Amino acid sequence: MDNQSVARILSEIAQLMEIKGENRFKVRAFENAARSVESLSEDLEALAARGELNSLAGVGKSLAADIEALLTTGSCDVHRDLLDELDPGLLDMLRIQGLGPKRIKVIYETLGVSNLSTLEAAARAQQIRALAGLGAKTEERILAEIERLSHDEGRTPLPAARAIAQSIRDKLATLSEVTKIAIAGSLRRGRETIGDIDILVASETPAPISAYLVELAEVAEVLAHGETKTSVRLVSGIQVDLRIVAPSSFGAALHYFTGSKEHHIALRTRAKRSGLKINEYGVFKENDGPAIASETEVDVFKALGLTYIPPELREGRGEIEAAAAGTLPGLVELTDIRGDVHMHTVETDGRATILEMADAARTLGYNFIVITDHSEAVRVANGMTPPRFREHIKRIREADAAYADLRLLAGIEVDILKDGSLDMEHELLADCDWVVGSIHSHFALDSKEMTQRLITAMATGLISCLGHPTGRILGGRPGYKYDLDAVLEAAVEFGVAVEINGSTGRLDFNAEHAERAHRRGAKIVLGSDAHSTRGLEDMDFAVQQARRAWLGASDVLNTLSVEDLLAAVRPTLRR
DNA sequence: GCCGTTTTCGGCCCGACTGTTTTCAGTCG
């Protein structure tokens with residue numbers, strides 16, 4: 001059984017225990033263990049084989065035994081007992097906003113309701129409002145939530161959420177009452193999908209600001225409207241939480257509102273141990289008194305004896321220990337990026353010409369770009385035949401001669417065909433500067449065939465980097481199945497870099513894959529996969545995923561000079 | 001159920017908002 005499945009069952013156990021009314025700290029022990037397993041980059045099976053399961057944070061003797069049982073038999077006693085006692089449909093009921101374990105327990109025990117459809121029937125029959133502690137409003141809310149969940153599209157991809165958030169932020173920023181404003185939450189941390197949008201405002205007069213938000217045309221529903229905290233759902237379905245604080249506590253609030261939950265729990269536990277209390281208003285001595293830090297995030301971390309932790313690292317995955325020890329890496333920044341290795345032009349499915357892309361790249365301050373149009377197999381994109389590619393290389397080289405301060409490199413995004421062969425004459429691939437090898441067809445091969453397909457392609461020695469290496473589409477299709485470690489090992493062997501593709505639908509590799517690749521010694525390169533001049537700006541998303549993978553400037557090939565970049569890959573082709 | 005730079009027992013992050021109450025429990029982030 002894989003790590004994610006074990007984590008899912010552990011968290012299911014925690015949820016069922018909560019509904020059952022178990023001790024909440026016991027519940028949290030299972031939640032903690034689920035998180036530990038989920039963020040583990042090694043195979044749980046390997047850890048178990050070495051008898052080291054209780055080296056995991058939050059896993060003691062009892063949980064180690066449960067995990068062991070899950071790994072070997074696919075189930076464990078505590079899970080089986082809970083499922084015997086409770087209906088798994090209750091877990092779906094937890095997805096309803098405003099309905100938590102306590103109320104579900106009441107509904108379950110008095111009405112026998114144990115899934116969404118019987119819940120809907122009970123609410124329609126007005127049976128919910130008759131229960132103690134529940135009323136008509138809750139009943140209406142339940143019906144509205146069931147309706148919403150029936151066509152719920154789940155979490156929003158980061159790029160789409162960021163565009164919406166920026167638009168709301170810019171509108172709020174026009175108000176004179178707003179002193180400072182920032183997007184916080186998982187958006188600021190760069191998580192690849194976003195549950196809701198968090199916006200933080202500093203102001204002395206909060207009332208007019210939240211009043212303005214609830215009146216915006218894009219607001220479909222007001223979920224909560226308090227003095228300092230307001231939540232709305234937009235017509236697009238995404239929820240926006242606005243929090244307003246005094247300017248003097250903006251830093252503490254920004255930290256608080258950026259999360260993650262795991263980061264906060266770890267940090268507050270640590271603070272408490274040294275006699276400090278931390279909340280959205282600042283860091284306090286435990287006997288209260290004025291805040292000892294609150295104005296900036298740097299102050300907050302400093303008061304806790306920590307160096308500044310960038311938002312992308314705040315996931316409760318060891319960043320606090322590293323900050324305390326002063327060993328946090330200096331993360332790569334957009335300004336470190338000297339060029340882009342993946343983009344398209346009008347030659348295939350891009351919207352801009354070579355010269356237009358070059359001009360846009362120069363505006364971004366790049367030293368180099370690689371033009372990588374599609375090969376023939378991608379017919380919908382008007383992929384190039386060998387003769388067309390030969391001409392295209394010539395045009396790129398001519399354009400290059402016209403720029404003194406920008407190197408234009410000739411490249412291609414060549415298709416890796418079903419059998420692992422490359423969709424272009426090898427001489428042309430060897431002749432151009434950079435080859436992105438990508439899969440755009442036969443996604444459904446089994447893992448063994450797909451692994452072999454990728455390795456065969458890399459073994460040609462002609463590929464500079466694997467483009468969008470998992471093929472997943474954010475919020476669309478999952479990636480193709482293959483043995484990631486075997487492919488990474490081959491990438492190292494054949495001198496092939498792996499791409500973090502920043503285009504808005506992909507973010508592929510994501511941070512977890514990139515971290516794993518880096519640890520396995522594979523080289524990482526960032527590509528915007530731009531299909532227009534605007535698309536070049538998607539490099540920003542690739543950088544953010546790299547930061548989430550704890551990568552520094554020296555861990556990313558785009559920070560090198562052209563000569564060093566080209567020398568870092570395709571070792572057998574050195575000319 | 002886990003864990004220890006005050007600990008092997010007694011703790012376990014913190015505050016805002018809502019609905020249903022008449023002072024607060026439940027939920028959420």
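Chain identifiers are assigned alphabetically (A, B, ...) following the order of the sequence lines, protein sequences preceding nucleic acid strands; residue numbering begins at 1 within each chain. As the structure is a prediction and not an experimental result, all values here were calculated from the model. No hydrogens, no waters, no symmetry mates; every other heavy atom, side chains included, goes into these values.
No side-chain donor-acceptor contact under 3.5 Å links Ser249(A) to the backbone of Gly282(A). The backbone N or O of Ala553(A) sits nowhere less than 3.5 Å from a side-chain atom of Asp336(A) that would complete a donor-acceptor pair.
Base pairing annotation: dT8(B) forms no Watson-Crick or G-U wobble pair, as no partner gives both donor-acceptor distances under 3.5 Å.
Backbone-only contact: Arg243(A) has heavy atoms under 4.0 Å from sugar-phosphate atoms and none from a base. Contacts of Ala14(A) with the nucleic acid, taken as non-hydrogen atoms under 4.0 Å apart, are absent. Residue Val27(A) is classed as having no contact, given no heavy-atom separation below 4.0 Å to the nucleic acid. Using a 4.0 Å heavy-atom criterion, one finds that Ile278(A) contacts the sugar-phosphate atoms exclusively.
Note: His263(A) and His255(A) have perpendicular aromatic rings, judged against thresholds of 30 and 60 degrees for the angle between ring planes.
Regarding contacts with the backbone of dC12(B), a side-chain N or O of Lys272(A) is found under 4.0 angstrom from either OP1 or OP2. In terms of phosphate contacts, Thr228(A) brings a side-chain nitrogen or oxygen within less than 4.0 Å of OP1 or OP2 of dC17(B).
Residue pairs that meet the salt bridge (Lys or Arg N to Asp or Glu O under 4.0 Å) test with at least one member in residues 323-335 of chain A, sequence neighbours left out, do not exist here.
Taking atom C1' on both nucleotides, dC28(B) is separated from dC13(B) by 14 Å, rounded to a whole Å. Separating the C1' atom of dC9(B) from that of dC17(B) is a span of 36 Å, rounded to the nearest Å. Across the P atoms, dT6(B) and dC2(B) are found 24 Å apart, a figure rounded to whole Å. Taking atom P in both dG26(B) and dT8(B), one finds a spacing of 33 Å when rounded to whole Å.
Take Asp485(A) and apply the side chain to side chain contact (heavy atoms under 4.5 Å, CB included) test, not counting sequence neighbours, and it matches Asp483(A), Leu488(A), Arg516(A), Arg520(A).
The line from OG1 of Thr193(A) to CG of Leu474(A) is 7.5 Å long, rounded to the nearest 0.5 Å.
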| task | Heavy atoms under 4.0 Å is the rule here; annotate nucleotides 23-29 of chain B 5' to 3' with B where the base is hit, S where only the sugar-phosphate is, and - elsewhere. | result | ---SSSB

